[in-house]
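Quick notes on the structure that follows.
In the text below, chain A, chain B and the rest are named by the order of the sequence lines, each starting its count at 1. Just so we're clear, the structure is a prediction, and the values are computed from it rather than from any experiment.
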2 protein chains.
Amino acid sequence: MEAGKRERLTRDRVLSTALEVADADGIAAVTMRAVADQLGVEAMALYRHVADKDELLDGLVDSVVAEINDACRLLPMLQHPPDWRVVVRRRILTARTVILRHRWAPQLISVRGTLGPGLLEYFDHLCAEMIAGGCSIDLVHRAMHALGSRALGFSPELFVPGSAAADNADIAMDEMANFAEKYPHIIALASEMMAHDDASTVGWCDDQTEFEFGLDLILDGLEARRAL
Amino acid sequence: MEAGKRERLTRDRVLSTALEVADADGIAAVTMRAVADQLGVEAMALYRHVADKDELLDGLVDSVVAEINDACRLLPMLQHPPDWRVVVRRRILTARTVILRHRWAPQLISVRGTLGPGLLEYFDHLCAEMIAGGCSIDLVHRAMHALGSRALGFSPELFVPGSAAADNADIAMDEMANFAEKYPHIIALASEMMAHDDASTVGWCDDQTEFEFGLDLILDGLEARRAL
DNA sequence: ACCTGAACACCGTTCAAGT
DNA sequence: ACCTGAACACCGTTCAAGT
């Protein structure tokens, strides 16, 4: 769908269109041909603005990270934070709000080892906050490993309820009897989750609550080792 | 390369060959045609034993998980463990030894939400160990979220040193001056890592040490909340 | 019953040709 | 200078044909 006069193609237009496609139809739908179609242009035209598909995907990561950094810049300065944890926690949860707008981003960030200026800036600020809070460089280093992707606001869920898990649940219905025999603790877990399934949770687990629980677990552990 | 007489094709032969290809050349090299070639057979012959490529990849995950469960079964019973943490920790580190033999597995496990019998067994035993150690069902539930993929022995590294990171390091050499100005804390981190680069570490970070640090951080945090 | 061959739809990418 | 069209190599997959 080319709207009105044909605008000149730019790298930014290519990337923002690719981002639209990803937001709408997932990362798998981001093909050179699909992005070109959306721009009302032939696939080969894109190659004047990105070297290849890898560079396009890296560009998508950069876009999301830029959005994270923008959001973090809007955070008000905390004058007398009681602890480095509250400021680090706030930054990470801010990153998370951006990640939640682009659900495809975690997978893309995980799979590509690309460390662009945006990510460097994000992690530099994160490290700065820890150091300002009295953490040693060594602890900061270990913190980055311990946090992993959680530092960027997401923790890859091993099983996404609704994909294959949901299908399996249907199949399991047939043999629910020996299922309960074979995996009694999983069943206990599942019923506990059902019980907690009140209005405040979306589906089985409330991801945000779980994310914050895991995050605080790590931050508290780090603080304990800092104050050792 | 078809060795001697043409053996009959079986699902197991297809899966174990696919696993060989993945171990040798990475998960991207696992194509229907490549696996078939390795078996000295045409690509379409595989479709009699796996429904499609998705099922083949799920089969690969199942194989690795089966290997994990086999390894866990060999663990000797601990008669008087001081704590649920030591037994959970041991199971997870055992899973990790298997994962390290199949570096492509983490990505595959993360991206597919498949919860087969093997994974159910693994998690059932893991939950059992926590419950036997005095953890509430609620805590076990939260532990699974907090651990995430770490429960299976891996935590996805955000930046793999040696891939794009290494390339960036070369490029950064050109502008090392303003790099240090723009990301002073990252530089501090990097030099700290260099300093620790003795014989016991492979490259910048010793992954095993970092994995265990993060794991213990979470286990200790959970124990603290259990004993509350 | 089991495997093959040719074909289709889709992908990233190259390259010569158009304007 | 910028975009197009046809083509190539590779992928998963279908289907009729071979043995």
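Looking only at distances, no side-chain donor or acceptor of B:His49 sits under 3.5 Å from a matching main-chain atom of B:Val14. Between the B:Arg13 side chain and the B:Arg8 main chain, a donor and an acceptor come within less than 3.5 Å of each other.
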How does protein contact run along nucleotides 10-16 of chain C, one letter per nucleotide 5' to 3', with B for base contact, S for sugar-phosphate only, - for none, heavy atoms under 4.0 Å? -BBBB--

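As a whole-Å value, the separation of B:Arg11 CZ from C:dC2 P is 16 Å. Regarding B:Leu39, its CG atom lies at a distance of 16 Å from the P atom of C:dC2, rounded to whole Å. A straight line from NE2 of A:His49 to C1' of D:dT4 spans 15 Å, rounded to a whole angstrom. The distance from atom CZ of A:Arg48 to atom C1' of D:dA1 is 7 Å, rounded to the nearest whole Å.
An OP1 or OP2 oxygen of C:dC2 is reached within less than 4.0 angstrom by a side-chain nitrogen or oxygen of B:Arg8.
Annotation: the span from B:Ile99 atom CD1 to B:Phe154 atom CZ amounts to 5.5 Å, rounded to 0.5 Å. Atom CE in A:Met32 sits 7.5 Å away from atom CG in A:Asp52 (nearest 0.5 Å). A:Leu158 contributes atom CG, which lies 10.5 Å from atom NE2 of B:His145 (distance to the nearest 0.5 angstrom). Considering CZ of B:Arg101 and CG of B:Leu19, their distance stands at 10.5 Å, rounded to 0.5 Å.
In this structure, B:Arg96 satisfies the cation-pi test against B:Phe211, with its NZ or CZ atom closer than 6.0 Å to the six-membered ring centre and inside 45 degrees of the ring normal.
Considering only heavy atoms from C-beta on, A:Ile109 stays 4.5 Å or farther from A:Ser149 through its side chain.
With a cut-off of 3.5 Å on both pairing distances, the Watson-Crick and G-U wobble pairs of DNA chain D assemble into stems of 3 or more at C:4-8 with D:12-16, C:12-16 with D:4-8.
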